[in-house]
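See structure below.
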Amino acid sequence: MQNPILKYIHSPEDLRQLKPSELPQLAQELRDFIINIVATKEGHLGASLGVVELTIALHYVFNTPSDQLIWDVGHQAYGHKILTGRRDAFHTNRQLGGLSGFPKRSESIYDAFGVGHASTSISAALGMAIASQLKGDVHKQHIAVIGDASIAGGMAFEGLNHAGVTNANLLVILNDNAIGIDPSVGALKQYLTNVKKGTQKQDNIFEALNFEYSGPIDGHDIHALISELERLKTVKGPKFLHVITTKGKGLKQAEEDQVRYHAPGKFDAQTGDVYTKPSMEQAPKYQDVFGHTIVELAKQNKNIVGITPAMPTGSSLKYMMEQMPDRAFDVGIAEQHAVTLAAGMATQGLIPFCNIYSTFLQRAYDQVIHDVALQKLPVIFCLDRAGLVGEDGATHHGVFDLSYLRCIPNLIVFAPRNEMELRNIMYTAQLGLDRPIAIRYPRGRGVTIDWKQPFETITIGTGIELKKGQTLAVLTVGTMAEQAEQAIANCEHPDAVGHVAMRFVKPLDEPLLHRVFKTYKTIITLEDNSVKGGFGSAVLEFAATHNYKNTIKTVGIPDVFMEQGSVAQLQESIGLDADSLRLVLNSFLKDIS
């Protein structure tokens, strides 16, 4: 029996003491370690399994952390974390108070750059390489590891374009496995496929951009990787290494079902089988309400099209792609393009549903303003993963959308409180609007089993008074209405508390707000968005404009970047859970006899 190796690796310096002949065993141990932890703790699996040999080779050849290694997105960096002193803490990955699921500068000196969104690595590594040049350090290495799905993103091309006219000491490694979360798409993907097959007839695109190109090489041949990386260390200027890997390598099911095993949840580490959950009737995921509803509407309205930037499974646009492939578009990791593509379609009378995660729409902010809102084009933005999303942490929480969208003229902003309101606002929007609308809804399941109700039109800019009260009113947007209902039901004087679901953050239902301010002494606003500039700020502005003197308390996400943890844990930590809200209500109701 071989002696274990991984448990003695506390840093890359320890790794570099190993003989090359020992590295394949280390790769197997590292793969097994990742599988065993993720099987019970959950997380991203396939991407990190695919780069085990590459991870070991990079830390073996390069003098990290002096040489700077950047992992694009970060789904692929679990092995990197384990080899850089975080093995014993890796069981806390993505948990409250534990390791981040992505590289994070404040977590380790080996995490040269914080990542969570795609296509940023080349620009960051080039910036570091130019800085080294300016400091006179000609020996420091700068390595960006980017996936084939991420390199199709616009920022990656911008970085390649700039790097090609520099003599910066930059190595770009393309981890080519033909899949991001869903299969890679686009002409560049076809080009890379042809390169792998040896059928690409045209000039090498990367050599045309002034990179020294090498590859493609087998990303699971650790000795070939080390040999080529050692050679590239001696080459000056921008370099490009094309590495072929298999996502999920080493776990049969993860290799065969790469979409599911990107982040499979809990599974049997021995067999690889995902645990089946007891069959029971559950409320649907909001993404599935969107996915099934757009298909239903598109069957009735031939002008509807669907667009997603590389998230057909996560957004559930996959249902439309399966049934209407000519009217549903996965444009790859290209949020800016997705938005302006939708704008172009809208000019021609189509009705585009542009489905983007809340946190990813941040990457297309100029396009929302300049290409859509300024021209009053009726694009329907469906923002999935709004609010706190849980274990993915700070890079993925969708807690800024109400703030960054509310200030844009011509834009309607709506947050449904349940599944039926999501269906009905989608139905209303496709009937014809004279301006764009953003519909934001959370990750996870709703609360209604019987959600597929007949469509009803929603009047734009109207809220609903769910419960009348006497002295205190809670104003909610979106699914925070559920927490408010629980808090009100269990507070000391529930009859004194009114509840209004405002639904529209823009335009506000001003007639309803006037009635609220004239009826209730105290107003509490509740949202799962930043309290800075969000729904509560809109109510405060309304009060100031109309000279109301009511007591107003805004409750929402504090002015910090929220870290990882379950949604319930995070809500409790900042007072957004029902019990904390109950205490807030009681504090304002204590004078009632």
(message) Let me confirm one number: the CG-CD1 distance from L570 to I557, rounded to the nearest 0.5 Å.
(response) 8.5 Å
(message) Can you confirm whether the side chains of H493 and N586 place a donor and an acceptor under 3.5 Å from each other?
(response) no
(request) Heavy atoms only: give me the nearest G534-S403 pair and the separation to one decimal. (result) N-OG, 3.4 Å
(message) Closer than 3.5 angstrom, by distance alone: can the side chain of K41 be matched with the main-chain N or O of V38 as a donor-acceptor pair?
(response) no
(message) Is a donor from one side chain sitting under 3.5 angstrom from an acceptor on the other, for E419 and T448?
(response) yes
(request) Supply the atom-to-atom distance I294 CD1 to C382 SG, rounded to the nearest 0.5 angstrom. (result) 6.5 Å
(request) Give the minimum heavy-atom separation between E541 and R406, together with the two atoms involved. (result) OE2-NH2, 2.9 Å
(message) Quick one about N424 and T457 (side-chain donor to acceptor, distance below 3.5 Å, no hydrogens or angles considered), yes or no?
(response) no
(message) Using side-chain heavy atoms (C-beta onward) and a distance below 4.5 Å, is T476 in contact with M502?
(response) no
(message) Is it the case that the side chains of D111 and S108 hold a donor-acceptor pair, with the cut-off being a distance below 3.5 Å and no angle test?
(response) no
(request) Decide if the gap between the ring center of F360 and the ring center of H117 is smaller than 6.0 angstrom. (result) yes
(request) Give the C-alpha distance, both sets of side-chain angles, the deciding distance and a yes or no for side-chain contact (heavy atoms from CB on, under 4.5 Å) between I307 and V331. (result) CA-CA 7 Å; I307 301 168; V331 302; 4.2 Å; yes
(request) Quick one: pull up CG in L405 and NZ in K506 and give me the separation to the nearest 0.5 Å. (result) 9.5 Å
(request) Check for a donor-acceptor pair, side chain of K467 on one end and backbone N or O of P494 on the other, with a separation under 3.5 Å. (result) yes
(request) Return yes if some donor-acceptor pair links the side-chain N/O of Q486 with the main-chain N/O of A578 below 3.5 Å, else return no. (result) no
(message) Just verifying a value: how many Å separate S573 OG and L388 CG, rounded to the nearest 0.5 Å?
(response) 8.0 Å
(request) With side-chain contact (heavy atoms from CB on, under 4.5 Å) as the test, would you mind laying out the steps for M320 and R327 before giving the verdict? (result) CA-CA 8 Å; M320 188 179 185; R327 292 167 60 188; 4.0 Å; yes
(request) For Q375, look at atom CD and say whether over 12 heavy atoms of other residues, nucleotides or ligands are found less than 6.0 Å away. (result) yes
(message) Is any side-chain heavy atom of L589 closer than 4.5 Å to one of C491?
(response) yes
(message) Please give me the minimum heavy-atom distance between I70 and S121, naming the atom from each residue.
(response) CG2-CB, 3.8 Å
(request) Measure from the side-chain N and O atoms of T428 to the backbone N and O of I458, and report whether any donor-acceptor pair falls under 3.5 Å. (result) yes
(request) Determine yes or no for a side-chain-to-main-chain donor-acceptor pair under 3.5 angstrom, with S566 supplying the side chain and Q569 the backbone. (result) yes
(request) Determine whether the aromatic ring centres of F353 and F381 lie less than 6.0 Å apart. (result) no
(request) Determine whether the side chains of D384 and Y441 contain a donor N or O and an acceptor N or O closer than 3.5 Å. (result) no
(message) Between Q571 and Q483, do the side chains contain a donor N or O and an acceptor N or O under 3.5 Å apart?
(response) yes
Mind listing the side-chain donor-acceptor pairs of residues 459-466 below 3.5 Å, one per line with the distance, residues two or more places apart or on another chain?
residue: T462; atom: OG1; partner: T459; partner atom: O; Å: 2.7
residue: T462; atom: OG1; partner: R503; partner atom: NH2; Å: 3.0
residue: E465; atom: OE1; partner: K468; partner atom: NZ; Å: 3.0

(message) Test: ring pair (Phe, Tyr, Trp, His ring centres under 6.0 Å). Region: residues 410-434. Which pairs qualify, not counting sequence neighbours?
(response) F414-F504, Y427-F455
(message) Using 0.5 Å steps for rounding, measure from the CE atom of M480 to the CG atom of L526.
(response) 4.0 Å
(request) Could you tell me whether the side chain of L160 reaches within less than 4.5 Å of the side chain of I151, counting heavy atoms only? (result) yes
(message) Whether the side chain of K553 engages the backbone of I524 through a donor-acceptor N/O pair (distance < 3.5 Å, no angle test) should be reported.
(response) no
(request) Can you see which heavy atom on I408 is nearest to which on A373, and at what distance? (result) CG2-CB, 3.5 Å
(message) When you measure from the side chain of R385 to the backbone of G398, do you find a donor-acceptor pair of N or O atoms at a distance under 3.5 Å?
(response) no
(message) Let's go through E563 and K104 carefully: what are the C-alpha distance in whole Å and the side-chain angles of both, what is the deciding distance for salt bridge (Lys or Arg N to Asp or Glu O under 4.0 Å) to 0.1 Å, and is it a yes or a no?
(response) CA-CA 11 Å; E563 298 298 343; K104 183 177 179 182; 3.0 Å; yes
(request) Ignoring hydrogens and angles, state whether a donor on the side chain of Q430 or N301 is under 3.5 Å from an acceptor on the partner side chain. (result) yes
(message) Can you see whether S315 engages N355 through a side-chain donor-acceptor pair at a distance of less than 3.5 angstrom?
(response) yes
(message) For the backbone of A386 and the side chain of R440, can you confirm whether one donor and one acceptor N or O come within less than 3.5 Å of each other?
(response) no
(message) Using side-chain hydrogen bond (donor to acceptor under 3.5 Å, both in side chains), reason through Y78 and N93 one step at a time and then give a plain yes or no.
(response) CA-CA 9 Å; Y78 284 6; N93 187 48; 3.2 Å; yes
(request) Could you tell me whether R94 and E391 make a salt bridge, using a distance below 4.0 angstrom between a side-chain N and a carboxylate O? (result) no
(message) Under a 3.5 Å distance rule, please check whether Y110 uses its side chain to pair with a backbone N or O of K81 as donor and acceptor.
(response) no
(request) May I ask you to decide if A89's main-chain N or O and T92's side chain share a donor-acceptor pair within less than 3.5 Å? (result) yes
(message) Tell me whether K590 is salt-bridged to E492, with the criterion being a basic N under 4.0 Å from an acidic carboxylate O.
(response) no
(message) As a quick check of understanding, evaluate side-chain contact (heavy atoms from CB on, under 4.5 Å) for H370 and V368, giving each step before the final call.
(response) CA-CA 6 Å; H370 185 274; V368 174; over 6 Å; no
(message) Do I146 and I122 make a side-chain contact, defined as non-hydrogen atoms from C-beta onward lying under 4.5 Å apart?
(response) yes
(request) To the nearest 0.5 Å, tell me how far Q367 CD sits from Q336 CD. (result) 4.0 Å
(message) Show, in sequence, the C-alpha distance, side-chain angles and deciding distance for I488 and E485, and conclude whether the side-chain contact (heavy atoms from CB on, under 4.5 Å) test is met.
(response) CA-CA 5 Å; I488 293 169; E485 288 174 1; 6.0 Å; no
(message) For a quick test of reading the model, state the closest non-hydrogen atom pair linking A484 to V474 and the distance between them.
(response) CB-CG1, 4.1 Å
(request) Would you indicate whether the side-chain heavy atoms of Q76 and V145 approach each other to under 4.5 Å? (result) yes
(request) Report yes if some heavy atom in the side chain of F535 is under 4.5 Å from a heavy atom in the side chain of N529; otherwise report no. (result) no
(request) Examine Y319 together with H292 and report whether their ring centres are nearer than 6.0 Å. (result) yes
(message) For Y357 and H396, which I'm curious about, is there any donor-acceptor pair between the side chains at under 3.5 Å?
(response) no
(request) Compare every heavy atom of S150 with every heavy atom of A156, then report the nearest pair and how far apart it is. (result) CB-O, 3.7 Å
(message) If the threshold is 4.0 Å, N to carboxylate O, is there a salt bridge linking D579 and R582?
(response) yes
(request) Answer with yes or no whether the side chains of S48 and H75 bring together a donor and an acceptor at under 3.5 Å. (result) no
(message) What I'd like to find out is whether the side chain of V447 reaches to under 4.5 Å of the side chain of T479, using heavy atoms alone.
(response) no
(message) Is there a side-chain contact between W71 and F113 in this structure, where contact means two heavy atoms from C-beta onward sitting under 4.5 Å apart?
(response) no
(message) Using a 6.0 Å cut-off, check whether atom CD of Q95 has over 12 heavy atoms from anything other than its own residue.
(response) yes
(message) Using ring-ring contact (aromatic ring centres under 6.0 Å, His included), reason through Y548 and H514 one step at a time and then give a plain yes or no.
(response) CA-CA 9 Å; Y548 284 114; H514 280 299; 5.8 Å; yes
